Structure formats: structure tokens, C-alpha cells
Amino acid sequence: MLGGIQTGKLLVTNLIDHAAREHAGRELVSYWADGTLTRSSWGEVGLDARKFAGAMRRLGMTKGDRIATLAMNHLHHLSSWYGTAGIGGVLHTVNPRLFEEQLVYIFNHAEDRVLLFDKMFTLIVEKIKPKLTSIEHYIQFDGAKAGYPIYRELVDAENGDFEWAEMEETDPVGLCYTSGTTGNPKGVLYTHRSNVIHAITEVQPDVMNLATRSVMLPVVPMFHANAWGIPFAAAAVGAKLVFSASNEASVLWKLIREEKVTHSAGVPTVWLGMFADLDANGGDYGALDMVVIGGSACPRAMIERLMMAGVRVGHAWGMTETSPIGTAGAYPANWDDLSAEEQVDVICMQGRPPFGVELRIVDDAGDEMPRDGQSSGQLQIRGPWVIQRYFQAEEDAVGDNGWFDTGDVAILHPDGTMQITDRAKDVIKSGGEWISSIELENAAVGCPGVAEAAAVGVYHPKWDERPLLIVVRKPGSDVSGADVQNYLIDKVAKWWLPDEVVFVDALPHTATGKILKRALRDEYKDYRLASV
Ligand code: AMP
């Protein structure tokens with residue numbers, strides 16, 4: 001027997017159509033890299049998306065084609081997302097902070113046909129261009145013309161009557177690479193369906209609490225897990241978006257105050273910078289009501305400061321593989337009965353899963369462990385916006401019954417709250433971005449005089465963690481820390497360079513000869529960098 005209700009498809013294009021139709025006049029703001037500010041609206045962005053789709057079709061782009069961006073947060077970036085969805089294409093956001101080799105690998109692996117880039121990234125584009133094998137069209141998003149077609153010119157040449165392509169909700173629409181701990185970066189291929197369900201979830205009071213009245217400034221970049229899905233969620237409710245191509249604290253505070261921002265979202269490092277600016281220059285929080293913090297654990301002092309200022313903190317956990325919301329800092333039912341300190345205790349944990357997400361913890365044998373608030377196990381997740389298979393992989397990324405192993409270690413509390421206790425992976429998290437310890441080590445052992453090296457993250461007040469390189473010298477060698485750092489300069493991204501190098505006689509190893517990272521982390525857990 002068939003049900004009696006329509007089965008309309010869940011398409012990303014429906015989000016922009018809804019916003020452009022029902023919230024046409026709702027303002028969208030963009031602060032550009034050159035310091036100018038433009039005002040637009042959901043209606044105008046909807047029209048630009050159709051024009052962009054027309055321009056892409058004119059260039060021969062069609063269903064399934066990958067269109068890449070190397071860009072900060074701005075309104076052209078937004079309309080390119082929706083326009084790409086409209087031709088049935090796949091919008092591939094690329095993190096400009098990656099090291100050149102990784103960028104080349106990612107563009108070539110994705111087989112992108114178009115690259116849209118911000119003027120500030122022109123040098124990077126020109127450097128890697130000779131190694132890119134699939135890109136046919138380079139388009140400059142912003143700034144004065146410098147030898148490339150300009151986004152605005154291409155879009156303005158279209159009349160905007162483009163009819164969206166026929167699509168299925170399970171078709172791919174977005175691609176984002178995650179830098180794994182081992183091997184090459186892996187692509188997560190989002191579908192229309194997963195993005196739409198994620199958007200509908202994200203606006204809920206227990207997740208980001210977004211409504212038409214909300215004014216959201218996503219500090220999280222659009223290349224980091226779709227700016228946590230915010231550009232889709234905002235369209236679902238017609239919220240005002242305030243984009244900033246600059247992450248300077250003074251710019252962000254100005255926008256927060258002048259645009260009456262109620263919501264913001266970013267990694268903890270962003271808020272450290274914001275606090276430093278507030279301490280130096282004074283000022284208030286304007287109309288700020290809620291900030292979503294995730295990407296790495298939010299420090300207690302940060303939660304306390306924001307809560308004291310009357311700002312709700314939504315401490316969220318997620319991954320590129322989970323679109324990214326896995327849990328959010330929802331208030332528990334007894335919130336009002338808790339003391340201020342107990343409330344902070346709750347927010348220090350990573351929150352609860354919204355409907356759709358299921359979590360469990362398992363032991364090394366894969367057996368489920370109790371949700372008792374004490375047992376700590378490997379965190380697994382499943383749900384309609386959780387990865388099934390990496391892009392172009394031959395096997396699924398999930399085990400039996402769709403459980404995806406997150407690589408995180410967590411405790412589940414009886415009330416559903418999840419608490420990350422450890423990172424099974426050895427990556428070093430600096431300012432919300434990952435530094436692969438393995439790549440650092442592999443590069444370092446190439447340095448003359450270095451026998452063995454291990455990289456661990458050590459505490460840094462601004463970046464959360466910075467890499468410390470622990471090195472064993474080759475017999476008879478007098479290689480110095482400066483020698484190793486100089487050697488690494490052209491081997492890894494600048495911000496990956498270890499802050500310090502220490503020398504030891506030997507490193508601890510596992511039975512199979514691997515460096516015992518856990519022991520090293522324990523040994524260096526209280527290590528203080530000379531620079532902090
Ligand atoms: P990414 O895919 O780059 O967003 O990184 C995902 C990883 O970041 C997760 O597997 C966690 O290790 C870490 N992470 C994200 N949010 C949090 C959080 N609130 N607390 C602790 N770790 C987090």
C-alpha cells in the first residue's frame with residue numbers, strides 16, 4: 001500500500017528557492033578582503049545563483065562536474081555553491097592553508113574542471129597551476145581583473161532564467177577533503193539529501209537555534225565542512241548572514257556590533273583572538289546571543305567568560321565526515337535547576353546528538369560499552385548525514401549496520417551527553433586545523449643527522465596545540481634544532497613547522513616497532529614552549 005503524501009525531493013536548490021521566494025528582502029552582508037562591505041539579499045543571491053549556473057553551463061559544465069573554490073567567506077562564494085547545485089554539479093571547497101603538494105593532490109584527485117579563487121590566493125594558484133591536470137577554467141572571485149575571467153562579469157552576462165537541472169536527492173552536490181592521519185586526504189561527497197536534512201536539523205533550538213530573526217556571522221570558513229552547514233541552514237529559515245573574508249578580531253567585532261549579529265560559530269582559537277581584542281580595546285558583545293564552538297574541545301575559561309557575558313555557548317562536536325554536526329551543546333531538561341558551575345560543567349562536554357544521529361562507544365573487540373558516564377571507548381556514529389564511502393574509494397568507510405568509526409575516544413552519559421576524552425588519532429590541532437604528525441616526522445627524518453623523530457602537540461595558549469618535534473640524532477651527529485627547522489622550511493606548510501625541537505637518546509616503541517605516541521604525549525603533557 002502506498003502512503004497518501006507527496007514525496008518531494010530534498011534538494012539543495014529547494015533551499016535557495018525557498019529563501020529567494022519567502023525571504024527575498026532579507027539582508028545578506030559581505031565584508032571583502034579589500035575592506036569594502038556590500039549588502040545583498042536572499043532574492044539577489046538566488047538570482048545570482050541562477051546566473052552562475054547559466055555561466056557554468058555556457059562553459060560546458062554539466063551534471064556531476066566538480067567546480068572547485070579556493071576562497072574565504074563571501075557572497076560570490078555563496079551564490080557559486082547554489083548555482084553549482086543547480087546544474088547538478090559538485091561544489092568542491094578547498095582549504096587554501098594546505099601545503100602545495102596536498103592542494104595539487106586534492107585538485108587532481110577530485111578532477112575539478114573549474115577553479116574559482118580569491119584574488120589573495122592568486123600566487124598559490126599560479127604556483128600549482130602547472131601541476132593541475134583537470135582544471136580547464138580559472139575564474140577570479142573578487143578584486144580588480146588580473147588576467148583571469150572575473151566572477152561578476154561572467155554572472156552579469158547571464159539573464160538568470162536558468163532552469164535547474166533534473167536531479168535526484170541522492171545525487172552528489174558537495175565535496176570536501178579531510179586530511180587523514182595516514183595517507184592522502186580523503187574526499188567526503190555530500191548529497192542533496194544529506195545537506196538538506198542537516199540544514200533542517202541545524203536550525204533546531206537544541207542545535208544552532210536559528211530563525212528568520214537571527215543574524216549569523218559564521219567565522220568558520222566555507223572550506224571547513226561547508227562552514228558547518230550554516231549557509232544551508234540560514235537559507236532554510238531566511239536568517240541574515242554576515243560574511244567576513246577577514247578573520248581579524250577587530251573586523252569581526254565591528255561586524256558583530258554594527259550588523260547586530262545574534263549568532264556566530266567558529267573554532268576556539270577564534271574566540272581567544274576575540275577576547276584579546278576585547279581586553280585591549282574594550283567594547284561590548286552587541287546583540288550576540290549564541291556562539292557555536294567546535295572543531296576542538298572548547299576550554300572551560302572560554303565557556304565561563306561567554307556565559308558570564310550572557311552569551312549562550314553551543315559546544316558542538318563533529319567531523320567533515322558527519323556534515324559536520326554530530327552533537328551540539330543542547331541544554332538538558334534540568335538546566336534551570338543547575339548551579340552556574342554545574343551549567344559550565346555540562347557545556348564543557350560535547351553535547352547531545354540531535355534526532356537522526358546515533359552514537360555508541362565500543363571496545364577494542366568492537367563490543368558496545370555501557371552509556372554509564374564512566375566507560376570510555378571508541379566513538380562510532382551513524383545517521384542520514386554521516387559518510388558511507390569516501391570519494392572514489394572502492395570500499396565503504398563504515399562497518400556493519402552503517403557505524404562509522406570516528407577515531408575519537410569518548411564517554412556517553414546516561415542523559416545522552418557525549419564527552420570526548422581523547423583523540424585516537426595523533427594529529428596535532430593548531431587553531432582548529434590539523435597538522436599531521438606523521439608527515440612532520442617523515443619530513444624530519446630526511447634531515448641529515450636525524451635518526452628518528454616524533455611530533456606531538458603541546459599546549460599553546462593561542463593555537464591550542466603547536467607541534468613539538470622530539471628527535472634522536474644519528475651517532476656522531478651534532479645537528480641542531482635550528483638545522484632541523486631550516487631543513488623543514490620547504491618540506492611542509494609554514495604553519496606546520498615545529499615550534500621547538502628537543503633531542504633525546506631514544507624514543508619509546510611499540511612491539512611492532514611503531515613510536516609509542518601515547519607515552520610521549522604523557523611525558524610531554526606539561527611541556528611549556530619557551531615562546532609562550
Ligand atoms: P574535522 O573533520 O577537521 O572537522 O575534524 C574532526 C575532529 O575534530 C573530530 O574527530 C575530533 O577529534 C575533533 N573535534 C571536533 N569537535 C570537537 C570538540 N568539540 N571537542 C573535541 N574534539 C573535537
Side-chain angles (χ1 to χ4, degrees), residues 93-95 97-98 102 106 174-182 185-190 198 207-208 218-230 265-271 291-300 302-303 306 313-330 344 346-354 357 359 361 376-382 385-387 390-391 397 403-412 417-437 457 459 463-465 517 521:
T93 51
V94 183
N95 182 345
R97 295 180 201 149
L98 290 174
Q102 290 171 317
I106 288 173
L175 177 63
C176 194
Y177 279 70
T178 173
S179 41
T181 45
T182 51
K186 291 188 255 181
V188 182
L189 195 58
Y190 306 102
H198 185 268
V207 186
M208 288 200 188
V219 184
V220 54
M222 291 170 82
F223 54 77
H224 189 179
N226 295 324
W228 299 349
I230 290 165
V267 296
T269 312
V270 164
W271 297 102
V291 298
V292 178
I293 302 183
S296 52
C298 184
R300 188 179 186 93
M302 184 170 289
I303 294 170
L306 287 164
V313 180
H315 186 187
W317 166 88
M319 310 175 72
T320 305
E321 286 90 337
T322 64
S323 295
I325 295 291
T327 58
V344 174
V346 168
I347 300 301
C348 281
M349 295 187 279
Q350 278 74 7
R352 286 178 294 139
V357 165
L359 299 177
I361 48 170
S376 166
Q378 294 163 34
L379 181 66
Q380 298 190 333
I381 183 169
R382 68 178 178 188
W385 57 87
V386 173
I387 190 162
Y390 288 103
F391 182 52
W403 287 108
F404 173 69
D405 210 329
T406 63
D408 287 325
V409 177
I411 293 171
L412 293 179
T417 303
M418 191 273 282
Q419 184 184 358
I420 297 276
T421 55
D422 200 357
R423 208 174 291 138
K425 303 153 186 162
D426 294 327
V427 287
I428 299 159
K429 278 237 151 168
S430 181
E433 301 281 342
W434 284 14
I435 297 175
S436 163
S437 58
Y459 168 77
W463 302 110
D464 285 345
E465 283 186 354
K517 280 293 188 56
R521 270 199 296 270

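Read the numbers this way: they start at 1 and go in the same order the structure lists the ligands and their atoms. All heavy atoms count here, side chains included; hydrogens, waters and symmetry mates do not. Computed from a predicted model, the values in this text were never measured in an experiment.
E465 and G457 get closest at one heavy-atom pair: OE1-CA, 3.9 Å.
Proximity to G295 (heavy-atom distance under 4.0 Å) selects the following atoms of ligand 1: 8 (O), 13 (C), 14 (N), 15 (C), 16 (N), 17 (C), 23 (C). Within ligand 1, the atoms closer than 4.0 Å to a non-hydrogen atom of W317 are 9 (C), 11 (C), 14 (N), 15 (C), 16 (N), 17 (C), 19 (N), 23 (C), numbered from 1 in the order shown. Of all atoms in ligand 1, listed by their number and element, those nearer than 4.0 Å to a heavy atom of A316 are 16 (N), 18 (C), 19 (N).
Taking any N or O of I293, backbone or side chain, none lies under 3.5 Å from an N or O belonging to ligand 1. For a threshold of 3.5 Å applied to N or O pairs, the pair formed by C298 and ligand 1 contains no separation below that value.
There is a side-chain donor-acceptor pair under 3.5 Å between E321 and Y390.
Proximity of W463 to K429: side-chain heavy atoms (C-beta onward) are nowhere separated by under 4.5 Å. Side-chain contact between C176 and H224: absent, with no pair of heavy atoms (C-beta onward) separated by less than 4.5 Å.
The residue among Q419, K429, Q350, M418 with a heavy atom at the shortest distance from atom 8 (O) of ligand 1 is K429.
For the ligand labelled ligand 1, residue A225 lies outside the 4.0 Å heavy-atom shell.
Not counting sequence neighbours, W271 has no partner by the ring-ring contact (aromatic ring centres under 6.0 Å, His included) test.
Looking only at distances, a side-chain donor or acceptor of H198 sits under 3.5 Å from a matching main-chain atom of I325.
At a heavy-atom distance under 4.0 Å, atoms from both the backbone and the side chain of T320 approach ligand 1.
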